[in-house]
Amino acid sequence: MSVALLRWYDANARVMPWRVSPEDIRLGQRPDPYRVWLSEVMLQQTTVAAVRDYFRRFTDRWPTVRDLAAAEDAKVMAEWAGLGYYARARNLLKCARVIAADHGGRFPATAEALLSLPGIGPYTAAAIAAIAFDEPATVVDGNVERVVARLFAVTTPLPAAKRELTERAADLTPMARPGDHAQAMMDLGATICTPRNPACSICPLSSACRARALGIAADLPAKSPKPVKPTRHGIAFAGFRRDGAALLERRPERGLLGGMLGWPGGAWSERAPAEAPPPAAGDWRRVGEVRHTFTHFHLVLEVRSALLDTAAAPAAGHFVAAEHFRPADLPTVMRKVHDLAQAAMAAVEGGRGGD
DNA sequence: TAAACGTGGCC
DNA sequence: TGGCCAAGTTT
């Protein structure tokens, strides 16, 4: 089992910026724990394609965990903008600072010790321990759950099946090359043992796969039904000074989009747009609607825009000068608001005859 | 245990 | 086009 999987991995390992190839590992090279940690946190519930550029930018800007620990919060949050699950970025900084302050800038080498760090749960602790430190830790992500559920024809729906799948996965973990084994299981799930239309005919584990023998591979793992998403409504005030400064506010540390920049506006509720006071005096015009879907609800945001007086002190938020403001520093829903407001203002300028 | 927590791609 | 899905963690 393990032999067939590792042989497959040696020939098919995906190339990624944070990964050391099986050949280079055989030559004695070890992955940098910092890069393994950073990539694993970014990859939580996030696709490889989405992570690539973020990983590059982070490691270019902060090459070591000490560099990251010394970074300003706002810089890190801005660099994470668009990647989602912003608690990861907050915990990333906390973790880097613990490593720098309490561990001499070196990552603990065991899954048990890693597990106590902010933002590192069972999956990430096992992944770092196995990949960076060669500990035979068992990595269980969505890919592994799917591979194991099929391999052993586990029909219990997730998340109830989690414990059983973890035990089965642990039985498969070898003492030799645990890091490559972990990555092989995940690569297999990502490229062969896929959620839909699994490529069983070219799978290195097909002869051992119980679900394939039963003809139910594509139906596993079973999942409990998900609750329906409600729709919430709100207002976003996209205000700009004539010199281009944007009126933004830093959102509270906890909760949705915590610690990120956003446009002022009232609470979001399931009843139609609750009226909210504008953050500054001005001629606020409704410029349209932004629709956005979060993990657990749909959002319809009424966007109001205005050109604001330079002298006016805002009642909420603060002006960010044009040279310090990049729309890419905003979480996606707030960037959508920005884009809509800018398009509306450009249309007004154009309709005015332009210059 | 269940709910909160983002986003983009795919079919 | 809307739900599913992606290398989960925290509370």
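Atom set for the values below is all heavy atoms of this structure, side chains included, hydrogens, waters and symmetry mates excluded.
Closest approach to the A/L256 side chain among B/dG8, C/dT9, B/dG6 is made by B/dG6 (side chain taken as heavy atoms from C-beta onward). Closest contact between the side chain of A/H296 and the listed nucleotides C/dG8, B/dA4, B/dG6 involves B/dA4. Comparing B/dG6, C/dA6, C/dG8 by their closest approach to the side chain of A/R88 singles out B/dG6. You'll find that the side chain of A/F294 is closest to B/dG6, out of C/dC5, B/dG8, B/dG6. If you check B/dC11, B/dG6, C/dG8 against the side chain of A/L257, the one that comes closest is B/dG6. The nucleotide whose nearest atom lies closest to any side-chain atom of A/R146 is, among C/dA6, B/dT7, C/dT9, C/dA6. For A/T295, taking side-chain heavy atoms from C-beta onward, the closest of the listed nucleotides C/dT10, B/dG6, C/dC5 is B/dG6. Here the nucleotide nearest the side chain of A/T332, chosen from C/dA6, B/dT7, C/dG8, is B/dT7. The side chain of A/V333 approaches B/dT7 more closely than any other nucleotide in the set B/dT7, C/dA6, C/dT9.
Contact annotation for A/R14: base contact, defined as any heavy-atom pair under 4.0 Å involving a base atom. Residue-level contact check: A/T293 touches the bases, meaning some heavy atom is under 4.0 Å from a base atom. Within the 4.0 angstrom heavy-atom criterion, only backbone atoms of the sugar-phosphate kind lie near A/R335; the bases stay farther away. If you check every strand for non-hydrogen atoms under 4.0 Å, A/L83 touches a base. Nucleic acid contact for A/G82: sugar-phosphate only, since backbone atoms but no base atoms lie under 4.0 Å from a heavy atom of the residue. Residue contacts shown for A/P331 are limited to sugar-phosphate atoms, with no base heavy atom under 4.0 Å away. Counting any heavy atom pair closer than 4.0 Å across all strands shown, A/G255 reaches sugar-phosphate atoms only and no base atom. Residue A/P159 is classed as having no contact, given no heavy-atom separation below 4.0 Å to the nucleic acid. Counting non-hydrogen atoms under 4.0 angstrom, A/M16 reaches a base of the nucleic acid.
Looking only at atom types and distance, the side chain of A/T110 has no donor-acceptor partner in the side chain of A/E135 under 3.5 Å away. In this structure, a donor-acceptor pair under 3.5 Å is present between the side chains of A/K336 and A/H292.
Shortest non-hydrogen contact noted between A/A149 and A/P221 is CB-CB, 3.8 Å. Residues A/R66 and A/G104 approach most closely at NH2-O, 2.7 Å, considering heavy atoms.
The base of B/dG6 is paired with the side chain of A/Y85 by a donor and an acceptor separated by under 3.5 Å.
Atom CZ in A/R163 sits about 13 Å away from atom C1' in B/dT1, given to the nearest Å. In this entry the distance linking CD of A/Q45 with P of C/dT9 reads 9 Å, nearest Å. As rounded to whole Å, 14 Å separates atom P of C/dT10 from atom OH of A/Y123. A/F297 has its CZ atom 13 Å from the C1' atom of B/dA3, to the nearest Å. Whole-Å rounding puts the A/K336 NZ to B/dG8 P distance at 7 Å. If you measure from atom CH2 of A/W80 to atom C1' of B/dG8, you get 16 Å, rounded to the nearest angstrom. Spacing between atom CG of A/N91 and atom P of B/dA4 amounts to 19 Å, rounded to whole angstrom units. Following rounding to the nearest Å, A/D53 (CG) and B/dG9 (P) show an atom-to-atom distance of 12 Å.
Where A/M186 and A/H298 meet DNA chain C, the nucleotide closest to each residue was compared, and A/H298 sits on the side nearer the 5' end. Ranked by how close their nearest DNA chain B nucleotide is to the 5' end, A/T46 and A/R196 are led by A/T46.
The phosphate of B/dT7 (OP1 or OP2) has a side-chain N or O of A/H292 nearer than 4.0 angstrom. In this model, the phosphate group of C/dG8 is not approached by any side-chain N or O of A/Q44 to a distance below 4.0 Å at OP1 or OP2.
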List the steps, then state whether side-chain contact (heavy atoms from CB on, under 4.5 Å) holds for A/W37 with A/L114.
-> CA-CA 10 Å; A/W37 163 70; A/L114 288 160; over 6 Å; no

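A side-chain donor-acceptor contact under 3.5 Å links A/R88 to the backbone of A/V41.
Taking the C1' atom of each, C/dA6 and B/dT1 are spaced 23 Å apart, rounded to whole Å. On the P atoms, C/dT1 is 27 Å away from B/dG6, given to the nearest whole Å.
Note that A/R210 lies outside the cation-pi zone of A/F152, set by a 6.0 Å cut-off to the ring centre and a 45° limit from the axis.
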